[in-house]
Each structure stands twice: as structure tokens, then as C-alpha cells.
Amino acid sequence: MRVDIVTIFPSFFDVLDLSLLGKARQSGLIDVTAHDLRDFTHDRHRTVDDTPYGGGAGMVMKPEPWGEALDAIVGDGSSDALLVVPSPAGEPFTQAIARELAAEAHLVFACGRYEGIDQRVVDHYSARMRVRLISLGDYVLNGGEVAVMAMIEAAGRLVPGVVGNPESLVEESHENGLLEYPSYTKPAAWRGLDVPPVLLSGNHGAIAAWRHEQQVDRTRRVRPELLDD
Ligand SMILES: COc1ccc2nc(C(=O)O)sc2c1
């Protein structure tokens, strides 16, 4: 998987060199490149924003630098890459979307700042490639970088070979539409709290049944709407 990120804070993504995704990058499973949007400006101040037409508070990101940056990544014709634009106006990010992103050969993330990116950038590239506006949730961040980091981690870990034991992906929250069951490890007793006896029984059928019951109970309490599907 090739991942390109366009941002005014490219060093924000240096953290991707750590841990699982760092190993995935070193092994060539995932190739991540962060591009500085200001490298595609031509004025002394490397300007990327301007005042909004129609008035209003804040600034809007100018289309020209975005056009030059995205053309440098996907060329000036049609592209099979998927352009993801994090936005409070986007579709809510879910594990299902993470799986969809994980199946892509080439992801391009456009990190907005200020009041967002001039709408014509999305309109222009929608005529040449698939474009998805995605939001992390019903709250507003200061820019797209945190959302992109979350999406890269959620999708990247689903890329075959990135996580050592693919079995560990199966029983996670949201993988089967339920929240995950509670987990325990040694010691069997800690500060007066014991591990549920069924987990020490060696009865794998009973353990599986208990874990599923825990998933359903937890989901019903915390996210009942997930049970409506
Ligand atoms: C200007 O770019 C932004 C601003 C806020 C924001 N909030 C997001 C979210 O997913 O909550 S993505 C995003 C992008």
C-alpha cells in the first residue's frame, strides 16, 4: 500500500516510523510519504490560505497549492488512487471504512487546516478519481492531521502482514459488530479482584460462550445501537 499525505505539518507524521507501522514501512508493506503543502507555493511567505469569499471568520486554504501538490502525486489525468479528505462534513469513520481503506493500493490524504480547503479542490479531483470526505466523529478538530493518523493506523494494521498474528484482529471491537470482551492476564488474583473462574477452567467451549456473552452485554450497555443492525 502506498500512502501520500499532504499537510502543512509533515513532521506530525514522523511518529509513523514507530511501532507496527514503522516495521511495516521498513518491510515495504506500507510506503508512507508526507508532503509539505507549502513546497507547492511560489510566494515569499509560502502562503496557503486566504480570506473566504462571502465573508465570515477564519481563512480558507487556497486551491492552487493543493492542485500542484495533488497533481505531483497522482498526475494530471485520471487516477486509481483514493483521495481521502478528513472533514467534519464527512461520513463517520468506522471499522468497515478502515477495512475498505486497507484494501486500497494507493491512498492520498489531504489534511485541511483553518476553515477547510477551497471546495473546488474536491470538485476538481472528483472528476478524476474517487474522493471521500471522512470524519472521525461528531466533534471538530483543528485540522485533518489527527484524523489521518487515526485512519492510517486503523487501516494500516489491517494490511496483511502488518500485524504478526492475524488471529488477533478477529475478536476485536467492531470486527463482528460487537464490542470486545474484557481481557485478563496473570496474576489470578490482584488487589482482591479475581480473574473470572471460567477463564481458568480450560473449557474452551465455556470460555467462548462466556466471552460472547460479555461482548453482547457490554455492547448492549455501551453501544445499544450496534445491536440494531
Ligand atoms: C480544516 O480541516 C479540518 C478541521 C476540522 C476537522 N475535524 C475533523 C474530524 O474528523 O472531526 S477532520 C477536520 C479537518
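Excluded from the calculations below are hydrogen atoms, water molecules and symmetry mates; all remaining heavy atoms, backbone and side chain alike, are included. Each residue takes its place number in the sequence, starting with 1. Order of listing sets the numbers, starting from 1, for every ligand and every atom in it.
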Which heavy atom of the protein is the closest neighbour of atom 10 (O) of ligand 1, given with residue, atom name and distance?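 The closest one turns out to be Leu136 N, 2.7 Å.
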
Who's the nearest protein heavy-atom neighbour of atom 4 (C) of ligand 1, and how far?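 Here the nearest protein heavy atom works out to Leu141 O, 3.6 Å.
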
Any salt bridge between Glu180 and Arg218, counting N to O under 4.0 Å?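 Here Glu180 does not pair with Arg218 in a salt bridge, since their nearest N and O are not under 4.0 Å apart.
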
Distance under 4.0 Å to a non-hydrogen atom of [X]: what atoms of ligand 1 satisfy this?
X	value
Ser87	12 (S)
Ser135	9 (C), 10 (O), 11 (O)
Gly116	1 (C)
Arg113	1 (C), 2 (O)

Do [X] and ligand 1 have an N or O pair less than 3.5 Å apart?
X	value
Pro88	no
Gly112	yes
Tyr139	yes

Around Asp80, counting heavy atoms of other residues, nucleotides and ligands shown, do more than 12 lie under 6.0 Å from its CG? no

The criterion is salt bridge (Lys or Arg N to Asp or Glu O under 4.0 Å); which residues satisfy it with Asp49, sequence neighbours excluded?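 Residues passing salt bridge (Lys or Arg N to Asp or Glu O under 4.0 Å) with Asp49: none at all.
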
Residue pairs, two or more places apart or on separate chains, that pass salt bridge (Lys or Arg N to Asp or Glu O under 4.0 Å) and touch residues 193-207: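 Listed once each, the pairs would be none.
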
Can you tell me if Arg25 uses its side chain to pair, donor with acceptor, with the backbone of Ile30 under 3.5 Å? no

What part of Cys111, side chain from CB on, backbone N/CA/C/O, both or neither, has a heavy atom under 4.0 Å from ligand 1?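 The answer is neither; Cys111 stays 4.0 Å or more away.
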
Have a look at ligand 1 and work out which part of Tyr114, if any, has a heavy atom under 4.0 Å from it: side chain, backbone, both or neither.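 Only the backbone of Tyr114 comes within reach of ligand 1.
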
Scan Arg130, Arg2, Arg99 and name whichever one has a salt bridge (charged side-chain N to carboxylate O under 4.0 Å, His left out) with Glu104. Arg130

Hydrogens and angles aside, do Glu68 and His42 bring a side-chain donor and acceptor to less than 3.5 Å of each other?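 There is such a pair (donor and acceptor under 3.5 Å, judged by atom type) between the side chains of Glu68 and His42.
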
Is there a donor in the side chain of Tyr125 and an acceptor in the side chain of Asp71, or the other way round, less than 3.5 Å apart?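 Side-chain D/A pair, Tyr125 to Asp71: present.
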
